[in-house]
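To start, the structure under review is shown below, and the notes come after it.
What you are looking at is a predicted structure, and each value in this text was computed from that prediction instead of being measured. Order of the sequence lines sets the chain letters (A, B, ...), proteins ahead of strands, with each chain counted from 1.
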2 protein chains.
Amino acid sequence: MSMSLAVRDSRFTAVQAGLAQAPWPTDSFPDKAGVVAGASLHFTPDQEVYAEGDEATAFYKVVSGVVRTCKFLSDGRRQIDAFYGEGEVFGFETGREHRLSAEAVSDCVVVPYRRRGFDTLAGRDDRVAGQLFSYVMRCLERSQDHSLLLGRRSASQKLAAFLLEMAARRPGGAVIELAMTRQDIADYLGLTIETVSRTLSQFERDGLITLSSARRVGLTDLRGLRELNA
Amino acid sequence: MSMSLAVRDSRFTAVQAGLAQAPWPTDSFPDKAGVVAGASLHFTPDQEVYAEGDEATAFYKVVSGVVRTCKFLSDGRRQIDAFYGEGEVFGFETGREHRLSAEAVSDCVVVPYRRRGFDTLAGRDDRVAGQLFSYVMRCLERSQDHSLLLGRRSASQKLAAFLLEMAARRPGGAVIELAMTRQDIADYLGLTIETVSRTLSQFERDGLITLSSARRVGLTDLRGLRELNA
DNA sequence: CGGTTTCTTGAACGAGGTCAAGTTGTGTGG
DNA sequence: CCACACAACTTGACCTCGTTCAAGAAACCG
């Protein structure tokens, strides 16, 4: 027990640092009730955290950088389900296997939490159950919003929503630094890389944004971007 | 630490009971452990169970019939998030309000389970936490699948997936009775009613399905339908 | 530097949307 | 039982938005 306390404490410090501006609770999971934190892991861009079909032995919290979860279609195309930034948690499964792949978008550090079954976990500690529940609900809300976005919106509506989503997560003001490529954005929004590029260029011509470089986007007219999705 | 956060976030773990048999038990929630089952409610087609923005005082289990959850866009169009059939649970929220509307597709009966305040952790049934968790995870998985479907698939792939999804839920064999209109299907798949109709007609011409009436679909060639999504 | 990857832009094409007309099905009242 | 009205569905013709194909510009890096 003293062993696990030591592990927990060192990990807590590491995680805490990366959680300073997370939009949700910043405490980590206690080292009990079916969750055991492993050492933090580092991944380089495009490196795989786990693949679709891998045994789901853990879920993960992002300490720094950005991770994407995605699925590959038989024709080689890719659909990105979600991006996870600092402080966010991904990789929950009820089944034995991961249903999606997870890959690093940028250089990033994640902490794995080995599971011993959610039933054990939920039954043993209120705080863990509540935390985990809240993370899953967050995922659910985002997934539902994503479905709505993909269903009935034009390319420019999708891109406006994407930019506003990214801006909301990094409350750094009106300039956002995109961690992902145009291809990532396209695969997230169900568009092609060309349409993403063209639409962003059009936004700049319309005075909605400023592209100081391909990845650095200034949101010049937040109101205008919001109005696109009415 | 953040006990209060955990308590706040675990409202729903406190608000459930008696879902003994995963994944979709048909027994009702016992009236204990923070859940109060109301009298079952009847709704006629297109009637509203709750609207987007309504206070989320309860979640619901479908006893019979089919319910849809959806969102309306400013231009009057509609995106359907999910269909819920017998034994399925919908309407969880972590926030104060419902983020989507819920409406009856067919004549249906649902049972509401009222949420209590934040102070009901006492008297909680541990065994039950995993059950609610499993319902929410089920919603999450379906929402993720829905996103993948909407993102990068053609009209015929969407419709093939839709038919197979409906068939999987009503294990009645190779003939399914659709509860929903073409408009519902279109709004679920992000297509127009005309494209849905045209595509189904084409499926019939190709010998994939048999349309004995508009709502009654025989899945003649399951293999062929599956191959559409490779 | 030169090679590679990422991003942008243009031109032509096509899947699905839009508009419009016609058909089927269903409930109602005579 | 039929006639009518109305909603749901189907089908056709045309058009648009986003894709595809192709080429070039810009950023990145050994």
Please confirm whether the shortest side-chain N or O distance from [X] to OP1 or OP2 of [N] is below 4.0 Å.
| X | N | value |
| --- | --- | --- |
| A:Ser154 | D:dC17 | no |
| B:Ser213 | C:dT24 | no |
| B:Arg215 | D:dC9 | yes |

Taking atom [atom2] of [N] as reference, at what distance in whole Å does atom [atom1] of [X] sit?
| X | N | atom1 | atom2 | answer |
| --- | --- | --- | --- | --- |
| A:Leu228 | D:dC17 | CG | P | 14 Å |
| A:Leu159 | D:dC17 | CG | P | 16 Å |
| A:Asp46 | C:dT5 | CG | C1' | 12 Å |
| B:Gln202 | D:dC9 | CD | P | 19 Å |
| B:Leu211 | D:dC9 | CG | C1' | 11 Å |
| B:Phe203 | D:dC9 | CZ | C1' | 17 Å |
| B:Asp75 | C:dG17 | CG | P | 14 Å |
| A:Arg152 | D:dC17 | CZ | P | 16 Å |

### Message
Ring centroids only, cut at 6.0 angstrom: are B:Phe59 and B:Tyr135 within range, meaning strictly under it?
### Response
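Ring centres of B:Tyr135 and B:Phe59 not closer than 6.0 Å.
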### Query
Do B:Phe83 and B:Tyr188 have ring centroids that are under 6.0 Å from one another?
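When the ring centroids of B:Tyr188 and B:Phe83 are compared, they turn out to be within the sub-6.0 Å range.
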### Message
For the CZ atom on B:Arg215, are there more than 12 heavy atoms of other groups (residues, nucleotides or ligands in this structure) within a distance under 6.0 Å?
### Response
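Enclosed.
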Basic-acidic side-chain contact under 4.0 Å: [X], [Y]:
| X | Y | result |
| --- | --- | --- |
| B:Arg198 | B:Glu194 | no |
| A:Arg68 | A:Asp46 | yes |
| A:Lys61 | A:Glu86 | no |
| B:Glu165 | B:Lys158 | no |

### Task
For DNA chain C, find the residues of residues 177-199 of chain A with a heavy-atom distance under 4.0 Å and give them by number; none if there aren't any.
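Close to the strand are A:Thr181, A:Arg182, A:Glu194, A:Ser197, A:Arg198.
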